[in-house]
2 protein chains.
Amino acid sequence: MGRGKIVIRRIDNSTSRQVTFSKRRNGLLKKAKELAILCDADVGVVIFSSTGKLHEFSSTSMKSVIARYRRSKDEQQLPNPASDIKVNHRIQL
Amino acid sequence: MGRGKIVIRRIDNSTSRQVTFSKRRNGLLKKAKELAILCDADVGVVIFSSTGKLHEFSSTSMKSVIARYRRSKDEQQLPNPASDIKVNHRIQL
DNA sequence: CGTCCTATATATAACGA
DNA sequence: TTCGTTATATATAGGAC
């Protein structure tokens with residue numbers, strides 16, 4: 001989507017990688033927000049740049065998204081309730 | 001980005017909302033993957049459709065992304081060491 | 001580092017089968 | 001509803017500030 005076509009592989013040049021990062025990071029966060037609004041979805045996005053800086057977006061709150069994610073995961077990975085009697089896990093954060 | 005321009009607000013029609021959801025969800029996940037590869041970033045995306053179905057993407061593992069998110073948050077929300085005597089966080093990374 | 005500009009690459013809204 | 005098709009809307013690569 002620009003003057004030239006690019007291949008999806010790690011950008012070697014540190015400077016261009018940084019530039020591309022900020023542009024695409026903004027694009028991704030915008031898309032996430034649009035998806036959440038348009039489709040009434042609960043979305044959570046976490047991005048760590050290669051320099052370790054955090055960027056995020058969450059339609060509700062990252063906390064609730066993560067909590068919901070856990071619950072959802074727990075459910076789907078417990079297809080064997082018969083042998084799992086003591087299913088008590090606390091959802092923190 | 002289609003035949004017509006749209007306003008970013010919840011799509012009332014359930015059917016179109018569903019259609020738009022699957023298209024944009026795929027788009028968002030693709031963008032997330034590209035960002036991770038191109039910019040060597042650590043990305044985590046969690047999406048719950050309005051019907052509650054989970055969709056996700058993570059460059060490494062959602063588990064590690066969430067863990068990293070927590071650490072990152074812990075650090076940044078402790079800008080008041082004066083009143084916080086028991087500030088013991090380990091800086092890793 | 002973010003911002004503006006502009007030519008292109010992509011994503012996708014509206015349809016049709 | 002689930003897929004293609006395609007006309008348009010957007011995102012963004014490249015480059016200059």
Side-chain angles (χ1 to χ4, degrees), chain A residues 1-60 62 65 72 75-76, chain B residues 1-60 62 65 68-69 71-79 91 93:
Chain A
M1 315 131 114
R3 296 298 180 79
K5 189 191 180 91
I6 61 169
V7 177
I8 303 301
R9 69 181 298 284
R10 182 196 149 97
I11 297 172
D12 294 310
N13 183 280
S14 174
T15 303
S16 341
R17 195 192 323 132
Q18 190 71 26
V19 173
T20 293
F21 176 75
S22 55
K23 286 185 177 179
R24 281 176 173 264
R25 179 200 62 213
N26 289 330
L28 187 70
L29 295 174
K30 181 181 180 184
K31 290 284 193 177
K33 186 176 303 183
E34 296 184 342
L35 178 65
I37 297 176
L38 287 170
C39 309
D40 196 31
D42 198 5
V43 183
V45 177
V46 173
I47 308 171
F48 283 101
S49 68
S50 56
T51 59
K53 193 167 182 180
L54 169 68
H55 296 275
E56 64 179 297
F57 165 75
S58 59
S59 50
T60 52
M62 194 57 78
V65 173
S72 185
E75 289 167 21
Q76 77 181 218
Chain B
M1 313 130 115
R3 296 297 181 78
K5 188 191 181 90
I6 61 169
V7 176
I8 304 300
R9 69 182 296 285
R10 182 196 150 95
I11 297 173
D12 294 310
N13 184 279
S14 173
T15 302
S16 10
R17 197 196 316 136
Q18 189 76 13
V19 173
T20 294
F21 176 73
S22 55
K23 287 184 177 179
R24 282 178 173 262
R25 179 200 61 214
N26 289 158
L28 187 69
L29 295 175
K30 182 181 178 184
K31 291 286 194 175
K33 187 176 303 182
E34 297 185 341
L35 178 65
I37 298 176
L38 286 171
C39 309
D40 196 32
D42 198 4
V43 183
V45 176
V46 173
I47 307 171
F48 284 100
S49 69
S50 56
T51 59
K53 193 167 182 180
L54 169 67
H55 296 275
E56 63 179 298
F57 165 74
S58 59
S59 49
T60 52
M62 194 57 79
V65 172
R68 189 176 180 184
Y69 174 77
R71 278 176 308 208
S72 186
K73 277 298 181 182
D74 286 343
E75 291 166 21
Q76 78 179 219
Q77 74 171 158
L78 287 179
I91 311 297
L93 161 36

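Computed over heavy atoms, backbone and side chain alike; hydrogens, waters and symmetry mates excluded. Each chain gets a letter, A, B and so on, in the order the sequences are listed, and its residues count up from 1.
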Discussion item. Quick check on salt bridge (Lys or Arg N to Asp or Glu O under 4.0 Å): which of B:Lys23, B:Arg9, B:Arg24 does A:Glu34 satisfy it with?
Written reply: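 The residue from B:Lys23, B:Arg9, B:Arg24 that satisfies salt bridge (Lys or Arg N to Asp or Glu O under 4.0 Å) with A:Glu34 turns out to be B:Arg24.
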Worksheet item: To the nearest Å, how far apart are B:Met1 CE and D:dT5 C1'?
Response: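 To the nearest whole Å, that distance equals 17 Å.
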Item to complete: Check the distance between D:dG14's C1' and A:Arg24's CZ and give it to me in whole angstrom.
Response: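 Those two atoms, CZ and C1', are 13 Å apart.
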Worksheet item: Charged N to carboxylate O below 4.0 Å: is that the case for A:Arg17 and B:Asp40?
Response: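 No, this pair does not count.
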Worksheet item: Does B:Thr20 use its side chain to pair, donor to acceptor, with the backbone of B:Ser16 at less than 3.5 Å?
Response: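 Yes, the answer is positive, given that a donor and an acceptor are paired below the 3.5 Å cut-off.
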Checking all strands, does [X] fall into the base, sugar-phosphate, or nothing category for heavy-atom contacts under 4.0 angstrom?
X	value
B:Lys23	base
B:Ser22	nothing
B:Ser16	nothing

Worksheet entry | Toward the 5' end of DNA chain D, by each residue's nearest nucleotide, B:Gln18 or A:Gly4 |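 Of the two residues, B:Gln18 wins.
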Fill in: B:Ile6 vs B:Arg3, nearer the 5' end of DNA chain D by closest nucleotide
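Looking at the nearest nucleotide for each, B:Arg3 comes out on the 5' side.
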Item to complete: Heavy atoms only: give me the nearest A:Ala36-A:Ser59 pair and the separation to one decimal.
Response: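 Taking every non-hydrogen atom into account, CB-CB, 3.7 Å.
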Worksheet item: Can you name the closest pair of heavy atoms from A:Met62 and A:Val46 and give their distance?
Response: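 Heavy-atom minimum between the residues: CE-CG2, 3.6 Å.
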Worksheet item: On DNA chain C, which is the earliest and which the latest nucleotide, 5' to 3', with an atom closer than 4.0 Å to a heavy atom of chain B?
Response: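 So the outermost contacting nucleotides come out as C:dA11 to C:dA14.
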Worksheet item: Does A:Lys30 put a side-chain nitrogen or oxygen below 4.0 Å from OP1 or OP2 of D:dA11?
Response: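 True: A:Lys30 side-chain N/O within range (under 4.0 Å) of D:dA11 OP1/OP2.
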Worksheet item: When the nearest nucleotide of DNA chain C is assigned to B:Leu28 and to A:Val19 on a heavy-atom basis, which residue is associated with the more 5' position?
Response: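 Looking at DNA chain C, the more 5' nearest nucleotide goes with A:Val19.
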Practice prompt. Find out whether B:Ile6 and A:Leu38 are in side-chain contact, i.e. whether some heavy atom of one side chain is under 4.5 Å from a heavy atom of the other.
Written response: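 B:Ile6 vs A:Leu38: side chains touch.
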